[in-house]
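Structure, as structure tokens:
Every chain is numbered from 1, with letters handed out A, B, ... down the list of sequences.
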2 protein chains.
Amino acid sequence: MNKKIQKLSDKFKALSNPIRVSILLCLLNGQSNVTKIQECLNIPQSTVSKHLGILKNAGVIEGERSGLEVIYSIVDDNVKG
Amino acid sequence: MNKKIQKLSDKFKALSNPIRVSILLCLLNGQSNVTKIQECLNIPQSTVSKHLGILKNAGVIEGERSGLEVIYSIVDDNVKG
DNA sequence: TTTATATATTATAATATTACAATATTATGC
DNA sequence: GCATAATATTGTAATATTATAATATATAAA
């Protein structure tokens, strides 16, 4: 299986879930920490964290710790637009 | 769950599989029938047909029957580029 | 070092996706 | 009608994804 095609479809897979799309829409307005995202979406913290991990793993977002918080922001240029 | 977000993530889901991405790359060069796509990818006919159905269902491609063949082509403007 | 807060990981049950052989359908020509 | 070719559907086992409670980790402040 072609490596580039696999990578491309993996990127799409990262975006193929409504919670993850919602998270990205939140982050399009600027960086945010997990708690704010959680309040925005109104779902359990572990669920948010899981999806943030998937997006981060796919190279769509990145998280930087600042004290107790982790601030997430979009790094994928195609998603940032 | 927001309807538009659901639709957007569904579109991404249609593209989240390497076989389906490969099919679309085939079709970017112009319309094609199932047999040609199958030969291009070298996988079972039923597998190709299944994935064509998923792409069609997602509104990414459309198929038009012409005699024994069904000719598929890309209809999604974002995918066509 | 204890406590509190923010986030991540693990465990697991429910659900969805996948591959593909077998079978069915659809269209054509005889 | 029957035979053939192209495509679609079905059945099903294997695998992957999902949600979320429970637990663990990380940091800061007292």
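- Of the candidates C:dA19, D:dA19, D:dT27, the closest approach to any side-chain atom of A:Arg65 belongs to D:dT27.
- Atom-to-atom, CG of B:Asn17 to C1' of D:dT15 comes out at 13 Å; the value is rounded to the nearest Å.
- Per the geometry, CG belonging to A:Leu52 stands 15 Å off C1' belonging to D:dT18, to the nearest Å.
- If you check distances only, the side chain of B:Glu69 never reaches the base of D:dA5 with a donor-acceptor pair under 3.5 Å.
- Here B:Tyr72 does not reach the OP1 or OP2 of D:dA6: none of its side-chain N or O atoms lies under 4.0 Å away.
- A:Tyr72 contributes atom OH, which lies 9.5 Å from atom CD1 of A:Ile23 (distance to the nearest 0.5 angstrom).
- Rounded to the nearest 0.5 angstrom, A:Glu39 CD and A:Cys26 SG are separated by 11.0 Å.
- Between the P atom of C:dA19 and the CD1 atom of B:Ile23 lies a distance of 10 Å, rounded to the nearest Å.
- Residue A:Lys50 has no polar side-chain atom (N or O) positioned under 4.0 Å from OP1 or OP2 of D:dT17.
- Near DNA chain D, meaning a heavy atom under 4.0 Å away, there are no residues from residues 24-39 of chain A.
- For the pair B:Val60 and B:Ala14, the tightest heavy-atom approach, listed with the atom from each and the gap, is CG2-CB, 4.4 Å.
- The distance from atom CD1 of A:Ile71 to atom P of D:dT27 is 14 Å, rounded to the nearest whole Å.
- In this structure, the CD atom of A:Gln45 is 13 Å from the P atom of D:dT20, given to the nearest Å.
- Phosphate proximity of C:dA19 to B:His51: present, with a side-chain N or O under 4.0 Å from OP1 or OP2.
- Comparing atom distances between the B:Pro44 side chain and each of D:dA8, C:dA21, D:dA26 picks out C:dA21 as nearest.
- When the side-chain nitrogen and oxygen atoms of A:Thr47 are compared with OP1 and OP2 of D:dT20, one or more of them lie within a distance under 4.0 Å.
- Here D:dT17 is the nucleotide among C:dC20, C:dT18, D:dT17 with the atom lying nearest to any side-chain atom of A:Lys13.
- Rounded to a whole Å, the CD1 atom of A:Ile54 is 14 Å from the P atom of C:dT10.
- Residues B:Ser16 and A:Ser9 are not in side-chain contact: their nearest non-hydrogen atoms beyond the backbone lie 4.5 Å or more apart.
- Across the protein-nucleic acid pair, A:Glu64 atom CD and D:dT27 atom P stand 13 Å apart, rounded to whole Å.
- We find the CG-CZ distance between B:Leu41 and B:Arg20 to be 12.5 Å, quoted to the nearest 0.5 Å.
- The A:Leu68 side chain lies nearest to D:dA26 when the options are D:dA26, D:dA19, C:dA8.
- Atom OG of A:Ser22 sits about 9.5 Å away from atom CD of B:Gln6, to the nearest 0.5 Å.
- Protein atom CD1 of A:Ile19 is 16 Å distant from nucleotide atom P of C:dT15, rounded to whole Å.
- In this model, a side-chain donor or acceptor of A:Ser46 finds a partner on the base of D:dA21 within 3.5 Å.
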